[in-house]
Amino acid sequence: MSITIKSAEDIEGMREACRLAAEVLDYIAPHIRPGISTKEIDRLGAECMARQGTVSATVGYQPPGYPPYPASLCTSVNQVVCHGIPSDKPLKKGDIVNVDVTVVTKAGWYGDTSRMYVVGEGSIAARRLCTVTYEAMWLGILQVRPGAHLGDIGHAIQKYAEGHGYSVVREFCGHGIGRKFHEEPQVLHYGRPGTLEELRPGMVFTIEPMINAGRREVKEFGSDGWTIVTKDRSLSAQWEHTVLVTETGVEVLSLSAGAPPAPAFVPPEIARPRGAGQPTVGAAAAGPAAPAAAAPTVPA
């Protein structure tokens, strides 16, 4: 399957879809506190999508070999790496949770993004993992420009995460996105610079590293066919942005007014939502300064 290069009209559709996905996270952020269940977070996300006029891409989503996914969001708590199904179990103080949102607009464009949240104050170890993962994602984003390679993105993420004593999950990866949930290319979060596909203007894909506090090995949990956990039960964190390769560099499509601030090393023109006059300020996500080829890879 070839990589779809987006036209100017396509890119406008993707900007809208990714902005709306990010606004779902803005909407639910104030509600993520001790005592709320991930099923209630899912309900809030569905409520926001209904108000927007978007629909969830995940409800009923069924790639080959999987059962239909039963919820509007993915909510991955503590040692859950990805694809956590919302449940009635309440979150407790100190938990970390990734909320992953993919919306589909009326025009048929998919917008995909996720953020980490620390429930209550959280431990130093948990907050450090969330912060390093966030910074690793942004270091990957900063590699994006015409003429660079996908391996440059993976290498930047891997080097930074492993340099902090963490490991990078290899079984799941980022992916192209557009009028389909998952398109080419696969975007690995590890690798060697100068390898894999060369980046060209008009390419749109996600960068969504999954970083473990312990070893990188993962396994399926239970019998739901979706939930992936760390094999050693260590904490795992993930952040996700959808990006566009522009003529001169990168545009982060999934920024919004409520997104957590980018790290200080990110140029302001990249760190702010399109059209915004000031860098974004976050209120609830646990990014920096915010309080509250191996085995086959699968697009996450």
Side-chain angles (χ1 to χ4, degrees), residues 1-26 48-49 52-58 61 63 100-114 137-138 140-154 156 173-189 194-208 239-257 259 262 266-277 280 297-300:
M1 187 184 299
S2 61
I3 297 172
T4 302
I5 300 298
K6 306 297 191 289
S7 68
E9 182 179 358
D10 296 341
I11 290 166
E12 286 304 315
M14 287 301 299
R15 285 191 180 116
E16 179 188 30
C18 291
R19 174 182 59 80
L20 291 169
E23 288 179 359
V24 175
L25 294 173
D26 294 351
C48 184
M49 292 180 212
Q52 294 175 335
T54 63
V55 296
S56 168
T58 58
Y61 179 64
D100 194 343
V101 176
T102 309
V103 305
V104 189
T105 66
K106 290 178 181 178
W109 296 103
Y110 285 71
D112 194 4
T113 186
S114 82
M137 175 192 67
W138 275 103
I141 290 170
L142 292 181
Q143 305 307 307
V144 178
R145 65 183 68 86
H149 290 258
L150 288 172
D152 301 336
I153 299 170
C173 63
H175 54 89
I177 187 168
R179 287 193 180 274
K180 295 181 181 178
F181 195 166
H182 296 106
E183 300 179 351
E184 292 296 326
Q186 290 193 343
V187 182
L188 306 183
H189 303 116
T195 63
L196 304 178
E197 188 75 30
E198 182 176 333
L199 304 186
R200 293 173 287 156
M203 292 172 65
V204 176
F205 50 83
T206 69
I207 297 176
E208 48 182 306
W239 294 82
E240 176 183 13
H241 270 312
T242 297
V243 302
L244 162 71
V245 184
T246 69
E247 294 291 340
T248 57
V250 62
E251 179 184 335
V252 183
L253 300 177
S254 48
L255 289 171
S256 64
V266 179
E269 64 272 16
I270 294 175
R272 66 170 66 101
R274 182 179 174 84
T280 57
T297 52
V298 178

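Here the structure is a predicted model, which is why all the values come from computation and not from measurement.
- Nearest heavy-atom pair, Ala57 versus Val104, reported as atom, atom and distance to 0.1 Å: CB-CG2, 3.7 Å.
- In this structure, the separation between CD on Glu240 and NE2 on His175 is 5.5 Å, given to the nearest 0.5 Å.
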Apply the test side-chain contact (heavy atoms from CB on, under 4.5 Å) to residues Phe205 and Ile153: give CA-CA distance (whole Å), side-chain angles for both, the deciding distance (0.1 Å), then the verdict.
-> CA-CA 12 Å; Phe205 50 83; Ile153 299 170; 3.8 Å; yes
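- In this structure, NE2 on His189 lies 10.0 Å from CG on Leu150, to the nearest 0.5 angstrom.
- For Gln52 (side chain) and Leu20 (main-chain N/O), a donor-acceptor pair under 3.5 Å exists by modelled atom type.
- A donor atom on one side chain and an acceptor atom on the other are not found under 3.5 Å apart for Thr206 and Asp112.
- Side-chain atoms of His241 and Ile141, non-hydrogen and from C-beta on, do get closer than 4.5 Å to each other.
- Looking at heavy atoms from C-beta onward, Phe181 lies in side-chain contact with Thr58 at the 4.5 angstrom threshold.
- Other residues, nucleotides and ligands place no more than 12 heavy atoms under 6.0 Å from the CD atom of Glu9.
- With rounding to the nearest 0.5 Å, the separation of CE in Met203 from CD1 in Ile3 is 4.0 Å.
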Applying side-chain contact (heavy atoms from CB on, under 4.5 Å), run through Met49 and Val101 and close with a yes or a no.
-> CA-CA 10 Å; Met49 292 180 212; Val101 176; 4.1 Å; yes
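- With a 4.5 Å cut-off on side-chain heavy atoms, Leu142 and Pro267 count as touching.
- Taking CZ of Arg272 as the start and CG of Leu255 as the end, the distance is 10.5 Å to the nearest 0.5 Å.
- Expressed to the nearest 0.5 Å, how far CH2 of Trp109 lies from SG of Cys18 amounts to 10.5 Å.
- With a 4.5 Å cut-off on side-chain heavy atoms, Arg15 and Glu251 count as touching.
- Residues Val204 and Asp10 are not in side-chain contact: their nearest non-hydrogen atoms beyond the backbone lie 4.5 Å or more apart.
- Counted by atom type alone, His149 and Thr195 present zero donor-acceptor pairs between their side chains at under 3.5 Å.
- One distance of note links CD1 of Ile177 with OG1 of Thr242; it measures 5.0 Å at 0.5 Å rounding.
- The closest donor-acceptor contact from the side chain of Arg145 to the backbone of Leu199 lies at 3.5 Å or more, if one exists at all.
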